[in-house]
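Just below is one structure, and these are the notes that go with it.
Side chains included, hydrogens not; waters and symmetry mates left out as well; all remaining heavy atoms used. Just follow the structure's listing: the first ligand is 1, and inside any ligand the first atom is 1.
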Amino acid sequence: MQVWKFGGTSVGKPDRMHSIRNLITENGTRKIVVLSALSGTTNGLLSIAESLKANNDVEGNQKIDDLYAHYEVFIKDLYKTKDGYEQGKAIIDKEFSFIRSLVSIKPFTLKQEKEIVAEGELLSTQMFEAYLKEEGINSALLPALDFMLIDADNEPVLSFTEEKLSTMLEQLSDKQIFITQGFICRNPRGEIDNLKRGGSDYTASLIGGAIVAEEVQIWTDIDGMHNNDPRIVKKTFPIRELTFEEAAELAYFGAKILHPSTITPAKLKGVPVRLKNTMEPEAYGTLIADKTSDREIKAIAAKDNLTAIYIHSTRMLNAYGFLRRVFEVFEKYKTPVDMITTSEVSVSVTIDNDEHLDEIMAELRQFADLEECDKDQTIVCIVGNFSADKEGIALKVLDAMKNIPIRMICYGASEHNISLLIHGKNKAAALNALNERCFLYEDAMKDIFSAQ
Ligand code: ADP
Ligand code: ASP
Ligand code: MG
């Protein structure tokens with residue numbers, strides 16, 4: 001069994017849904033197909049929630065009407081028969097009547113926001129499944145809200161998914177294609193929740209881990225993981241192979257093609273992850289597994305909007321226990337630290353979530369001197385094979401960065417990652433400079449052609 005996930009742009013037009021129907025039935029493998037919401041829908045639903053939260057019901061209703069109009073047009077092109085169309089119309093009418101029912105709930109809280117945002121995936125999957133039925137395909141819908149669960153720390157409960165899915169699949173043993181919602185889940189209170197933006201990738205990998213799938217395929221609008229951010233750098237190219245560790249570093253440090261947690265469950269169960277392009281299905285894409293190529297520097301990613309905190313011990317040299325106390329403060333406020341550098345009496349860290357920054361600073365001040373924080377910082381993360389006996393890699397990286405001020409450097413934490421902290425305004429310059437210095441065009445071409 002394989003798990004295939006299609007992102008927002010891959011289901012964003014009726015034609016795309018028609019192509020996906022062909023793709024998933026082509027090779028006869030049994031599959032669980034995870035779908036995102038149609039592109040633009042999740043943002044649209046969040047914007048409706050914003051209006052309703054601000055008690056601006058007129059604006060909220062107008063936005064609901066606009067979104068409904070989009071779906072009305074969509075289903076006209078999606079289905080080929082009158083019956084199919086009527087099925088589609090019944091689905092959108094039912095889901096939009098639920099959305100409209102939320103307008104009168106006051107106050108409009110986070111609970112309602114999560115319910116509204118889940119509608120994107122509920123709509124796309126039901127519409128697609130009705131289309132498969134119209135086409136006579138032997139498919140079934142698996143409701144993600146019945147088998148995806150997060151705990152009180154927002155961590156997915158894999159054992160729950162394993163148990164529930166195995167029962168569901170047993171009961172549907174005559175079916176060939178299963179459709180399910182990405183992104184959405186329930187929380188320990190039984191309410192509708194989600195796996196954060198871009199979470200459908202994570203759903204696919206959690207399902208892949210739960211059923212120990214032969215492979216997880218993430219289908220999107222680009223031909224695999226590129227060596228650098230294609231939105232910022234011009235000459236990027238797809239990477240043929242990555243290890244789980246390399247892919248996890250890239251996803252965590254900002255490569256938007258994958259939700260940051262996607263690799264964890266797949267790696268845990270040894271399930272390979274393949275990234276594929278819906279618009280160009282014959283392109284090789286990227287295979288994420290245990291195997292790697294010899295290339296030293298493989299890819300670069302960047303994570304934005306970080307805050308750097310600079311902490312100095314008030315006690316003098318050789319004080320032990322200082323780091324423990326520092327990290328206990330971050331633990332208390334459930335705030336993950338992304339990057340750390342140390343000197344004899346100082347520690348600098350970066351955090352992504354600054355919700356509790358004031359409390360964290362106040363507690364740190366009880367035993368340390370603090371400098372003013374720097375906001376709008378970016379980690380540039382260089383990923384590859386950097387085993388301890390290799391020379392010259394740091395030189396190459398730093399040479400590329402010679403005209404860009406660096407605030408922190410991390411090297412040696414793993415054999416796969418060098419991280420640099422810079423001001424966000426220098427990100428584009430840094431990514432482009434590293435691209436020119438670290439990747440030879442000829443090498444890239446070799447990589448691409450060897451993958452054909
Ligand atoms: P989906 O809607 O299918 O989940 P996303 O927009 O989340 O798609 O992810 C695909 C996008 O990720 C690409 O269109 C590309 O612009 C962006 N991206 C950022 N960094 C990378 C990278 N290193 N390699 C490939 N794509 C990247
Ligand atoms: N629809 C959700 C989002 O836009 C989840 C996803 O696309 O992966 O974030
Ligand atoms: Mg995505």
Side-chain angles (χ1 to χ4, degrees), residues 4-13 16 20 33-47 49 67 113-114 116-125 144 148 180-185 192-207 216-240 242 246-262 273-280 283 285-286 288 297-304 380-384 427-428 431 434-435 439 444:
W4 287 22
K5 175 259 170 176
F6 292 91
T9 43
S10 303
V11 290
K13 298 213 167 93
R16 301 253 160 88
I20 290 178
V33 176
V34 178
L35 299 188
S36 294
L38 315 193
S39 53
T41 293
T42 306
N43 286 343
L45 292 166
L46 283 170
S47 160
L67 195 62
E113 179 178 309
K114 285 177 174 171
I116 222 172
V117 85
E119 285 298 317
E121 275 70 13
L122 291 169
L123 277 160
S124 64
T125 47
M148 293 295 300
T180 192
Q181 299 84 22
F183 179 58
I184 63 174
C185 60
I192 294 180
D193 215 309
N194 62 62
L195 302 174
K196 310 260 160 60
R197 294 307 305 268
S200 299
D201 303 332
Y202 196 18
T203 303
S205 165
L206 286 162
I207 294 177
V216 170
Q217 299 196 355
I218 309 277
W219 290 78
T220 181
D221 59 357
I222 189 163
D223 52 352
M225 177 75 81
H226 278 221
N227 68 315
N228 208 327
D229 192 330
R231 296 165 300 178
I232 295 171
V233 175
K234 275 208 186 90
K235 274 198 230 155
T236 65
F237 56 87
I239 308 162
R240 190 183 183 199
L242 284 171
E246 291 165 343
E249 298 273 9
L250 287 168
Y252 183 74
F253 286 106
K256 193 201 167 216
I257 187 171
L258 284 179
H259 178 284
S261 307
T262 310
V273 179
R274 202 182 281 276
L275 311 183
K276 294 282 290 176
N277 188 351
T278 320
M279 326 307 160
E280 215 185 306
T286 299
I288 301 165
I297 297 180
K298 283 200 165 174
I300 295 162
K303 185 169 175 169
D304 300 320
V380 174
C381 165
I382 298 110
V383 164
K427 169 177 153 179
L431 293 186
L434 283 162
N435 215 55
F439 298 100

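The protein atom (non-hydrogen) at minimum distance from atom 1 (P) of ligand 1 is T220 OG1, 3.6 Å. Atom 4 (O) of ligand 1 has its closest protein heavy atom at K5 NZ, 3.1 Å. With respect to atom 11 (C) of ligand 1, the closest heavy atom belonging to the protein is D221 OD1, 3.9 Å.
Within ligand 1, counting atoms from 1 as listed, the ones closer than 4.0 Å to a heavy atom of I222 are 13 (C), 25 (C), 26 (N). Each of the atoms 5 (P), 6 (O), 7 (O), 9 (O), 12 (O), 19 (C), 20 (N) of ligand 1 lies under 4.0 Å from some heavy atom of K256. Heavy-atom proximity to G8, at under 4.0 Å, picks out these atoms of ligand 1: 2 (O).
The number of heavy atoms from other shown groups lying within 6.0 Å of NZ (K114) is above 12.
V380 has its side chain out of reach of K427: every pair of non-hydrogen atoms, C-beta onward, lies at least 4.5 Å apart. Between L195 and L206, the closest side-chain pair of non-hydrogen atoms falls below 4.5 Å. Taking 4.5 Å as the limit, every side-chain heavy atom of N227 sits out of range of all side-chain heavy atoms of K235. A heavy-atom distance below 4.5 Å is not found between the side chains of T286 and I257. Residues I20 and W4 form no side-chain contact, since every pair of their non-hydrogen atoms from C-beta on lies 4.5 Å or further apart.
Not counting sequence neighbours, D221 has no partner by the salt bridge (Lys or Arg N to Asp or Glu O under 4.0 Å) test. Residues meeting the side-chain hydrogen bond (donor to acceptor under 3.5 Å, both in side chains) test with S36, sequence neighbours left out: S200. D223 meets the salt bridge (Lys or Arg N to Asp or Glu O under 4.0 Å) test with no other residue; sequence neighbours excluded.
If you check each of G198, A302, P230 against atom 21 (C) of ligand 1, the one with the closest non-hydrogen atom is P230. Comparing heavy-atom distances from atom 9 (O) of ligand 1 across I300, I257, V11 singles out I257 as nearest.
Look at G224 and you'll find a heavy atom under 4.0 Å from some atom of ligand 1. For S36, the closest heavy-atom approach to ligand 1 does not fall below 4.0 Å.
A donor-acceptor pair under 3.5 Å is formed between the side chain of H259 and the backbone N or O of S261. Here the side chain of K303 pairs no donor or acceptor atom with the backbone of A251 at under 3.5 angstrom.
Looking at N228 against ligand 1, only its backbone comes within 4.0 Å, counting heavy atoms.
Ligand 1 has an N or O atom lying under 3.5 Å from an N or O atom of H226, backbone or side chain.
Remark: of the listed residues V233, I300, T236, I300 is the sole one forming a side chain to side chain contact (heavy atoms under 4.5 Å, CB included) with F439.
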Ligand-protein N/O pairs under 3.5 Å (ligand 2):
unit_1, atom_1, unit_2, atom_2, d
ligand 2, 1 (N), T42, OG1, 2.8
ligand 2, 1 (N), E121, OE2, 2.6
ligand 2, 4 (O), T42, OG1, 3.3
ligand 2, 4 (O), R197, NH2, 3.0
ligand 2, 7 (O), S36, OG, 3.2
ligand 2, 8 (O), G198, O, 3.4
ligand 2, 8 (O), G199, N, 3.4
ligand 2, 8 (O), S200, N, 3.0
ligand 2, 8 (O), S200, OG, 3.0
ligand 2, 9 (O), R197, NE, 2.7
ligand 2, 9 (O), G198, N, 2.8

